[in-house]
Amino acid sequence: MNPVDNAFILICAALVMFMTPGLALFYGGLVRSKNVLATIMQSFIMLGLMSVLWAVVGYSLSFGSDIGGLIGGLDFVFLKGVGMDAVNSPADNLPHLTFMIFQCMFAVITPALITGAFAERMKFAGFMVFSALWLILVYAPMCHWVWGGGWMGQMGALDFAGGAVVHMSSGAAALCCAILIGKRKGHGSTAFIPHNLPMTILGAAILWFGWFGFNAGSALAADGNAANAFVTTHMATAAAALSWIVAEWLHGGKPTTLGAASGAVAGLVAITPAAGFVTPMWAIALGLGAGVICYGGIMLKNKLGYDDALDVVGIHGVGGTYGALMTGVLATVNAEGLILGNGHQLWVQFVSVVATWAFCFAMTFVIFKVVDSTIGLKAGPEEEDKGMDIAEHSETGYQW
Amino acid sequence: MNPVDNAFILICAALVMFMTPGLALFYGGLVRSKNVLATIMQSFIMLGLMSVLWAVVGYSLSFGSDIGGLIGGLDFVFLKGVGMDAVNSPADNLPHLTFMIFQCMFAVITPALITGAFAERMKFAGFMVFSALWLILVYAPMCHWVWGGGWMGQMGALDFAGGAVVHMSSGAAALCCAILIGKRKGHGSTAFIPHNLPMTILGAAILWFGWFGFNAGSALAADGNAANAFVTTHMATAAAALSWIVAEWLHGGKPTTLGAASGAVAGLVAITPAAGFVTPMWAIALGLGAGVICYGGIMLKNKLGYDDALDVVGIHGVGGTYGALMTGVLATVNAEGLILGNGHQLWVQFVSVVATWAFCFAMTFVIFKVVDSTIGLKAGPEEEDKGMDIAEHSETGYQW
Amino acid sequence: MNPVDNAFILICAALVMFMTPGLALFYGGLVRSKNVLATIMQSFIMLGLMSVLWAVVGYSLSFGSDIGGLIGGLDFVFLKGVGMDAVNSPADNLPHLTFMIFQCMFAVITPALITGAFAERMKFAGFMVFSALWLILVYAPMCHWVWGGGWMGQMGALDFAGGAVVHMSSGAAALCCAILIGKRKGHGSTAFIPHNLPMTILGAAILWFGWFGFNAGSALAADGNAANAFVTTHMATAAAALSWIVAEWLHGGKPTTLGAASGAVAGLVAITPAAGFVTPMWAIALGLGAGVICYGGIMLKNKLGYDDALDVVGIHGVGGTYGALMTGVLATVNAEGLILGNGHQLWVQFVSVVATWAFCFAMTFVIFKVVDSTIGLKAGPEEEDKGMDIAEHSETGYQW
Amino acid sequence: MKKIEIITRTFKLDDVKTALAGIGVKGMTVSEVKGFGRQGGHKEVYRGAEYQVDFVPKIKIDVVVEDDFAAEVVEAARKAARTGEVGDGKIFVSPVDEVVRIRTGETGEDAI
Amino acid sequence: MKKIEIITRTFKLDDVKTALAGIGVKGMTVSEVKGFGRQGGHKEVYRGAEYQVDFVPKIKIDVVVEDDFAAEVVEAARKAARTGEVGDGKIFVSPVDEVVRIRTGETGEDAI
Amino acid sequence: MKKIEIITRTFKLDDVKTALAGIGVKGMTVSEVKGFGRQGGHKEVYRGAEYQVDFVPKIKIDVVVEDDFAAEVVEAARKAARTGEVGDGKIFVSPVDEVVRIRTGETGEDAI
Ligand SMILES: Nc1ncnc2c1ncn2[C@@H]1O[C@H](COP(=O)(O)OP(=O)(O)O)[C@@H](O)[C@H]1O
Ligand SMILES: Nc1ncnc2c1ncn2[C@@H]1O[C@H](COP(=O)(O)OP(=O)(O)O)[C@@H](O)[C@H]1O
Ligand SMILES: Nc1ncnc2c1ncn2[C@@H]1O[C@H](COP(=O)(O)OP(=O)(O)O)[C@@H](O)[C@H]1O
């Protein structure tokens with residue numbers, strides 16, 4: 001066990017934990033004020049529900065001994081054998097508990113990301129069950145496939161910090177949910193204007209801050225790779241914030257604050273799979289593309305007409321996919337991508353993209369249908385009118 | 001001096017520092033908007049007042065050479081002999097300054113916690129004097145007793161990160177203050193509805209984030225104990241957030257966002273004394289209990305009728321007490337509790353609980369009475385009507 | 001390469017990054033609500049623009065091989081030769097990338113500080129160009145002079161973490177901009193009351209938190225110096241928060257929450273050049289002075305009548321200057337100031353103060369004039385009426 | 001002249017505005033209000049303490065028009081605001097003696 | 001019919017509402033307003049700059065009732081809102097020509 | 001008695017208040033409102049989706065005064081509020097039957 005790495009990863013885990021409330025604020029500011037608490041709650045409570053489930057069974061399904069490349073065994077259920085030293089730890093420089101809790105924070109935020117798709121119209125009870133099932137049936141397998149010794153990792157797919165595990169998975173789930181749950185009342189005719197953009201910017205800032213833990217921490221050691229991942233993360237994010245506002249500026253509007261924040265998140269998402277595999281200057285290029293492409297992804301949504309309320313598909317789905325593919329192109333650090341003549345890597349990335357979208361969409365479809373037809377997921381029109389805060393939580397966000 | 005531990009504890013100290021403004025927001029969101037600044041100020045200014053007092057005399061009274069098990073000597077007043085190396089440092093792996101500043105952050109937040117009890121009706125001048133005296137006459141002795149070589153520590157009481165020193169002490173003081181200062185105007189007839197719950201959630205999130213520094217940092221080294229304390233902290237908090245909302249759900253209401261945040265804080269409080277002594281799965285059990293018991297503590301307040309405005313007693317008093325006792329039951333890491341057959345530990349915990357409540361309540365009573373009869377503590381009814389922001393600070397929180 | 005220092009400085013870099021959105025909130029809360037987003041944006045987008053420019057050319061101009069003491073060479077443009085190991089790194093204990101990104105965060109926040117001067121009336125397009133030029137023509141030279149091997153450092157000027165490079169430079173630029181851009185419509189007759197002080201306090205809290213990375217990280221190692229810088233930073237800030245509210249209290253008003261936050265920032269600014277050179281108790285003295293002197297600086301502005309909207313001159317200009325001079329007086333750690341009989345140090349500090357003000361003011365003047373006469377900087381009166389959020393960004397901050 | 005006050009649901013603002021603009025209304029003034037009526041309120045719970053909130057958010061639209069235009073405006077507003085559920089709100093019509101346009105100083109019907 | 005506007009202290013809202021509901025008022029509409037009057041305002045200070053704020057937060061309660069019920073409503077509101085200190089506020093009574101219930105189209109006293 | 005409603009630009013509040021106080025008005029009540037009129041609104045854009053916002057922030061100042069004081073008040077308010085640009089707003093004057101001061105129970109002109 002290496003105490004430096006332990007110190008570094010524990011602090012990184014704290015940073016990643018902070019991202020989930022950051023996301024809560026990012027999303028919370030974008031909805032109408034009558035839904036602010038329900039939206040925040042759907043992220044915040046993941047810290048409760050997912051953490052406990054992770055300790056009970058999720059961690060073991062992800063990192064337990066590999067079963068056919070598909071899922072982890074039950075060796076670590078109830079954190080059995082997950083101790084203060086490195087025994088059995090997938091990272092032998094870290095206490096097993098440190099590795100487990102760092103991974104826990106990823107499992108917390110991923111289902112929270114999806115909530116942006118069905119914001120302002122989801123019932124809480126059904127949502128809790130949906131999320132619990134999703135952790136076990138979608139996240140844990142994905143995590144195992146990529147990082148836990150499963151087939152994607154074996155195939156050589158590069159995913160430094162979760163382009164597939166975190167962002168494509170939640171993006172695909174978001175698309176599925178947005179279609180299945182249907183539109184908000186008034187969609188198309190009413191303006192859904194963000195009620196508190198400073199709160200959204202604060203959320204984006206916390207995400208950016210915490211993402212250093214997410215990506216640099218994914219080096220699992222305080223080494224030069226961590227430094228590189230830290231720098232690529234920052235540079236891609238900076239570039240994407242810029243390119244998004246330039247895109248909207250040229251596209252006939254003004255450069256907006258929400259655009260800068262959205263671009264930053266798009267950059268963070270896109271660099272996630274690549275952070276440890278590209279150089280800082282390529283990260284800038286990757287980020288410049290991310291801002292424009294995710295902006296385009298949202299324009300597309302406006303065309304297609306499904307109501308992905310807070311653009312989870314456009315940012316996490318599109319951004320994660322773009323990032324995963326670009327990793328196959330631009331990798332030059334500890335891996336070789338297309339620009340080093342290794343076209344195979346891009347093919348592997350492509351396969352992992354297709355498999356991730358297909359698996360996550362299909363599985364989410366099943367879970368959604370099952371929960372919807374038993375407990376129920378979509379709030380009724382009167383509830384939507386009143387707002388989910390009062391309808392589902394008997395609270396209101398503000399009393400000026 | 002160990003540079004790894006130094007790096008770790010410095011970062012942890014920064015995290016703990018961040019908790020006090022986190023608390024300011026947590027409390028600030030819960031009051032009416034006319035009192036938001038005064039409430040925030042009572043926490044924020046503790047960063048000023050307590051820090052300076054700590055350097056001048058508080059640290060020495062807490063960690064100076066032991067005088068009869070009761071108080072520290074004046075060896076370290078004005079930080080004399082507290083230097084950049086480990087000489088004289090109570091933690092010989094850390095620069096003395098690092099140990100001192102980490103402890104400083106605990107001394108800052110503890111009096112800030114009390115302010116929730118007398119929110120919306122306390123005069124600022126009196127409050128400042130009250131807090132200064134409280135640091136010297138209550139906090140410093142308590143800190144010395146438990147961690148500075150005093151009688152509680154000698155007796156073998158387990159308090160990993162401040163169940164007694166921080167939470168029971170502030171909880172007991174809060175009960176005393178709530179009773180002595182009396183009710184807010186309109187208590188019982190008017191609704192005191194939180195004016196900005198997103199701000200409260202943000203505060204809770206900062207508390208959770210910072211608490212990793214509080215509890216894992218209390219291992220005073222970047223070792224396996226720190227990893228364990230980090231994990232137990234997270235798991236107990238997650239579990240308590242869940243159990244609180246389940247409790248209110250079953251109790252006939254809805255699961256609320258404020259409930260999730262309150263439950264999280266209750267879990268953080270309850271795990272504090274236990275963090276380094278229990279396993280993660282027992283931490284989940286402890287957290288599940290904490291959410292329900294602190295919820296019950298608040299129901300009790302509504303019965304008893306004293307006006308502990310922001311539930312310091314229910315959360316910190318009850319949660320700290322429960323956590324201290326459960327530490328005596330569940331300790332299996334570096335200590336032995338009841339479940340390992342060591343009933344004596346529970347008895348020791350019980351003695352420390354009773355002594356802490358008695359001492360802190362009594363001492364707070366004396367300080368309150370003295371300050372109230374000289375400088376004055378309770379704001380008049382017109383000030384309460386106007387709001388403390390205008391009355392005490394000539395400011396208003398918001399201008400939309 | 002030392003992994004402990006690498007871990008420490010990466011985390012510190014994350015903390016410093018967080019300061020810029022902290023500043024965005026600090027400033028954002030102080031303007032009228034119709035300008036909240038534009039104000040936030042001017043800080044937030046610096047994370048995008050300055051970071052990319054830093055990688056492209058700014059870092060090289062600052063830390064490339066010295067050319068006549070005046071500027072760095074182009075060795076590191078596009079981060080050429082800035083790698084994952086310590087080769088060529090100005091700090092040979094750190095990966096070159098780690099050193100570069102830590103410095104990047106300073107380059108991001110410095111131009112953001114200036115924006116307080118021209119808040120509520122600056123056009124966005126011109127602002128972007130102004131800031132880009134300012135980084136290259138003002139910040140990079142200043143940074144080179146002091147830390148990159150240039151003449152000020154050679155002369156022996158003490159600037160631990162940026163009293164001159166960050167605070168005096170932005171303060172001087174702010175004074176210049178405030179004079180050149182002119183007053184806001186209604187200045188002198190209308191009340192410009194902060195629209196959201198809790199947001200400002202939150203911003204101040206994030207600044208305080210992140211400043212630990214700024215100052216302690218400037219030790220560039222997790223050693224006793226870092227511990228000392230951490231403690232002096234905290235103590236000076238605490239003391240300045242106190243002395244500011246005492247000053248306004250005695251000056252005939254009430255102790256205000258904004259005063260406590262402003263005092264804290266003043267303390268942070270003033271201790272910045274001194275953090276590694278003074279003892280904690282002298283830091284308290286320095287902080288006590290900072291609160292009073294910066295308060296005085298703002299009173300002076302009210303007399304002189306220029307419209308430095310958010311008091312960049314009063315806090316960063318005055319505070320940075322005061323701190324730089326006091327460093328020459330109080331230095332006793334790793335340096336010798338006046339109180340150790342070394343009057344020369346004070347003289348050196350004085351020279352660096354005069355040179356910094358003169359250079360930064362003059363250069364800012366030129367940049368402002370050039371951009372103003374080409375792209376245009378000052379918003380028109382109708383734009384000011386509507387608010388910059390709608391006029392420049394087609395957004396509004398809040399929809400309750 | 002008449003002042004017509006339309007108190008109705010918040011999400012009906014755009015519909016009513018469009019309807020009125022459609023029949024030639026040139027200006028109106030809107031406030032956010034809280035209404036008490038047959039519709040009833042809702043319960044809020046904070047840390048286990050229940051509060052009954054009797055007021056629901058509504059908007060009030062004030063329009064001043066010429067006397068003989070009033071009936072048409074009332075009818076258009078009524079149609080646009082109606083959902084048929086309790087809580088649709090009320091329209092009040094009251095007399096106005098004089099109107100002045102601040103910019104020009106015009107008075108009476110010219111000023112509307 | 002008459003419109004009764006009650007401008008009073010914010011914390012009196014519940015008392016007035018209860019009093020009016022008690023004598024049979026079925027609906028009312030409330031706005032948050034700022035009042036200027038004998039009560040005077042307060043000083044605010046931001047970084048040493050003093051501002052005199054002359055407006056104090058008040059609420060305005062609008063109730064439309066039948067003509068012969070008006071006096072009783074005014075009296076009930078006055079009693080409920082009174083503290084005896086400067087700043088208790090005012091009640092204004094003015095004529096209303098017509099009332100329409102949006103949901104049903106009823107008019108006149110039936111619509112109240 | 002007359003009620004005078006002045007709807008105008010938000011930043012004119014202080015000017016109007018000072019002008020009215022200057023001619024002896026002892027009290028007034030202000031609300032924040034949103035106005036629709038000739039002035040036109042603005043465009044907002046959120047993630048590429050454009051919204052036309054037709055309402056602009058205005059303030060409404062209500063003053064109740066004696067009948068023969070009304071014209072003077074209207075004139076003072078008009079002068080103080082005027083900028084000459086579209087969007088300066090309107091002043092409405094309407095009849096008030098009765099005024100009651102809550103604190104004292106005074107009625108009529110004494111109560112103003
Ligand atoms: N007498 C009244 N005076 C003033 N406002 C009223 C009155 N009655 C109703 N209102 C307003 O109309 C709204 C709708 O009234 P309500 O009784 O709930 O439903 P409906 O209009 O369908 O009968 C109320 O919320 C209130 O704002
Ligand atoms: N002439 C008036 N027109 C409109 N509103 C008024 C008038 N006079 C007073 N008000 C309102 O009544 C409130 C209370 O008036 P004030 O003079 O302070 O006390 P009091 O009602 O006890 O005499 C004011 O804040 C204002 O909102
Ligand atoms: N008929 C009306 N009824 C009620 N309010 C009106 C009416 N016409 C205008 N207003 C109010 O007056 C404001 C200014 O009117 P507008 O037509 O924009 O400019 P102007 O007053 O200069 O002609 C509007 O925003 C609206 O609040």
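All of these numbers come straight from a predicted model, not from anything done at the bench. So that the names make sense, note that chain A is the first sequence line, chain B the second, and so on, each numbered from 1.
- Heavy-atom minimum distance, Tyr295(C) versus Gly48(E): OH-CA, 4.1 Å.
- Closest approach of Gly252(C) and Lys43(E) over heavy atoms only: O-NZ, 4.1 Å.
- Distance check: Tyr46(E) OH to Leu30(C) CG gives 10.5 Å after rounding to the nearest 0.5 Å.
- Closest of all the heavy-atom pairs between Arg47(E) and Asn302(C) is O-ND2, 4.0 Å.
- Expressed to the nearest 0.5 Å, how far CD of Glu44(E) lies from CG of Leu258(C) amounts to 12.0 Å.
- Interface remark: Ile245(C) contributes no atoms to any contact with chain E (heavy atom separation under 4.5 Å).
- When all heavy atoms of Val45(E) and Thr256(C) are compared, the pair lying nearest together is O-CG2, 4.0 Å.
- More than 12 heavy atoms of other residues, nucleotides or ligands shown are found within 6.0 angstrom of CD on Glu383(C).
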